[in-house]
**Q** 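Just passing along the structure, written as structure tokens.
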Amino acid sequence: MGGSYAYVVPILSIIRDPSLAQIADGHTRFLQTMRAIQGSLIVSSSIQIILGYSQLWAICSRFFSPLGMVPVIALVGLGLFERGFPVVGKCVEIGLPMLILFVALSQYLKHVHVPVLERFSMLICIALVWVYAHILTASGAYKHTALVTQINCRTDLANLISSSQWISIPYPLQWGAPTFSADYAFGMMAAVLVSLIETTGAFKAAARLASATPPPAYVLSRGIGWQGIGTLLDGLFGTGTGSTVSVENVGLLGSTRVGSRRVIQISAGFMIFFSMLGKFGALFASIPFTIFAAIYCVMFGIVAAVGLSFMQFTNMNSMRNLFIIGVSLFLGLSIPEYFSRYSTSSRQGPAHTKAGWFNDYINTVFSSPPTVALFVSVLLDNTLDVRDAARDRGMPWWARFRTFRGDSRNEEFYTLPFNLNRFFPPS
């Protein structure tokens, strides 16, 4: 799990709200804004909690097929293309060496000292290029460059380490009691819906990269419920955004071939540790984002390829299937691009009525490539010549994985740890 870009539109809408923008004192305005964001996250998280634990999302997933999931999973990765090489190009002297070095170590040299390079290629590359970037910064290479270049290349621009506290323990409601507004909450619900759909595709990609069976409908719905709990905690702790599956970590499964729960648990422990020790967390935050953008070029590509791999279970000689996949992929990229360009040029989304919550809903939903792809692909897949198309859609392969008891391996992959299955028994 990680922070989600889907929440940017409703959060910016709250920040720009006239009732908050007119507050003169900057600190007071910040606190009031954070409380409004907290309240909207807390309310909107109920959508995922209800859909997940009531198994309503499991019922909805009955309309999914391997064919319908191809564009959804593919665009979970491809839909983030703007965070790849376009960012690398803003500091090409750091981003390009990172991309080349990562590909070389993780793919061409992975059989040298197995499994060291394959398992730790990303850490090795980040350490080397980070030191290289710091040498460039310390030598004054960026003293007289453009501001955009400095933001993307320097390792000391924000003075993060010197301005951070040694110990800072986050706690619930640290910005004060949350405030609740129907407009804010409805707008935030659109982001929750988008993250739900993106997570659904990412869950299926993660399962495939971890060599697990496709998650049964019950497990998929249960995961959405847990994500809702995560978003609720985001609201209580005032993180400023909601949660969704970390697409880069899904891609990392394919790069490192490590799908162990223990690795995730240990990683979570490190994240908690560094979040409380401000100096250490700031040290890692000083890594130029260009380095991560170079990694995204590989990670997001792997996730996209997993989505396309589901085509092997369908009949790609069928004109029906070609039509559905082609139209879904194209509209899934084209419609969000229209919304993005319109927002950039006009400083507002295509939906700009007097109803702010409606604007946030439309602008958020149709700015997400996986969400648009799901709407188009699932609609076409379930309405276009569907009567005799079960085999073409891949349903015979898909059917046995739709229930928890449908495959004996599901218990190994999807049984909850710490005897939590007593409270969440498989259905």
**Q** Quick one: CG on Asn321 to CD1 on Ile325, what's the gap to the nearest 0.5 Å?
**A** 6.0 Å
**Q** For residues Val194 and Thr364, report the shortest heavy-atom separation together with the two atoms involved.
**A** CG2-O, 3.8 Å
**Q** Look up atom OG1 in Thr145 and atom CD in Gln150, then write down how far apart they are to the nearest 0.5 Å.
**A** 4.0 Å
**Q** Check whether NZ of the Lys or CZ of the Arg Arg208 lies under 6.0 Å from the centre of the six-membered ring of Phe310 and within 45 degrees of that ring's axis.
**A** yes
**Q** Roughly how far, to the nearest 0.5 Å, is the CG atom of Asp392 from the CD1 atom of Ile324?
**A** 9.5 Å
**Q** When you measure from the side chain of Thr200 to the backbone of Leu196, do you find a donor-acceptor pair of N or O atoms at a distance under 3.5 Å?
**A** yes
**Q** In Å, rounded to the nearest 0.5 Å, how long is the span from OG of Ser340 to CG of Asn363?
**A** 11.5 Å
**Q** Counting only heavy atoms not in Phe186, do more than 12 sit closer than 6.0 Å to its CZ atom?
**A** no
**Q** Sub-3.5 Å donor-acceptor pair from the side chain of Gln48 to the main-chain atoms of Gly225, do we have one?
**A** no
**Q** Which heavy-atom pair separates Ala205 from Ile73 by the least distance, and what is that distance?
**A** CB-CG2, 3.8 Å
**Q** Which pair of non-hydrogen atoms, one from Ala294 and one from Gly95, has the smallest distance, and what is that distance?
**A** CB-O, 3.4 Å
**Q** Do Trp57 side-chain atoms and Ile224 backbone N/O form a donor-acceptor pair below 3.5 Å?
**A** no
**Q** Looking only at atom types and distance, does a side-chain atom of Ser44 sit under 3.5 Å from a main-chain N or O of Leu41, one as donor and one as acceptor?
**A** yes
**Q** Can a side-chain donor-acceptor contact be found between Thr244 and Thr199 if the only test is distance below 3.5 angstrom?
**A** yes
**Q** Evaluate the criterion side chain to side chain contact (heavy atoms under 4.5 Å, CB included) for residue pair Glu198 and Val245; output intermediate values, then yes/no.
**A** CA-CA 8 Å; Glu198 293 176 348; Val245 168; over 6 Å; no
**Q** Determine, step by step, whether Tyr7 and Val192 satisfy the side chain to side chain contact (heavy atoms under 4.5 Å, CB included) criterion, reporting the C-alpha distance in whole Å, the side-chain angles of both residues, the deciding distance to 0.1 Å, and the verdict.
**A** CA-CA 8 Å; Tyr7 292 85; Val192 168; 3.6 Å; yes
**Q** For Phe401, look at atom CZ and say whether over 12 heavy atoms of other residues, nucleotides or ligands are found less than 6.0 Å away.
**A** yes
**Q** To the nearest 0.5 Å, how far apart are CE in Met1 and CE in Met271?
**A** 12.0 Å
**Q** Tell me whether the NZ or CZ atom of Arg83 lies within the 45° cone about the ring axis of Tyr5 and under 6.0 Å from its centre.
**A** yes
**Q** Taking all heavy atoms of Glu411 and all of Phe404, pick out the closest pair and write down the distance.
**A** CA-CZ, 4.0 Å
**Q** Under 3.5 Å, which donor-acceptor pairs link side chains of residues 60-68 to any protein atom two or more places apart or in another chain?
**A**
from  : atom 1 : to     : atom 2 : distance (Å)
Ser61 : OG     : Ala58  : O      : 2.6
Ser65 : OG     : Leu67  : N      : 3.4
Ser65 : OG     : Gly68  : N      : 3.1
Ser65 : OG     : Asp381 : OD2    : 2.4

**Q** Look at the aromatic rings of Phe289 and Tyr296 and report parallel, tilted or perpendicular, splitting at 30° and 60°.
**A** perpendicular
**Q** Just by distance, do the side chain of Ser309 and the backbone of Val306 share a donor-acceptor pair under 3.5 Å?
**A** yes
**Q** Considering residues, nucleotides and ligands other than Phe366, do more than 12 of their heavy atoms fall under 6.0 Å from its CZ?
**A** no
**Q** Can you classify the ring geometry of Trp175 versus Phe30 as parallel (below 30°), tilted (30 to 60°) or perpendicular (above 60°)?
**A** perpendicular
**Q** Report yes or no: does Thr415 contribute a side-chain atom to a donor-acceptor pair with the main-chain N or O of Glu412 at less than 3.5 Å?
**A** no
**Q** Determine yes or no for a side-chain-to-main-chain donor-acceptor pair under 3.5 angstrom, with Ser346 supplying the side chain and Gln348 the backbone.
**A** no
**Q** Looking only at atom types and distance, does a side-chain atom of Gln55 sit under 3.5 Å from a main-chain N or O of Ser221, one as donor and one as acceptor?
**A** no
**Q** Measure from the side-chain N and O atoms of Ser40 to the backbone N and O of Ala185, and report whether any donor-acceptor pair falls under 3.5 Å.
**A** no
**Q** Near Arg261 CZ, under 6.0 Å, is it more than 12 heavy atoms from other residues, nucleotides or ligands?
**A** yes
**Q** Other residues, nucleotides and ligands only: do more than 12 of their heavy atoms fall within 6.0 Å of CD1 on Ile167?
**A** no
**Q** Rounded to the nearest 0.5 Å, what separates atom CD1 in Ile14 from atom CD1 in Ile37?
**A** 5.0 Å
**Q** Decide yes or no on side chain to side chain contact (heavy atoms under 4.5 Å, CB included) for Leu329 and Leu333, but give the supporting numbers first.
**A** CA-CA 6 Å; Leu329 283 172; Leu333 287 171; 5.8 Å; no
**Q** Looking at Ser13 and Val9, would you say the former's side chain and the latter's main chain have a donor-acceptor pair under 3.5 Å?
**A** no
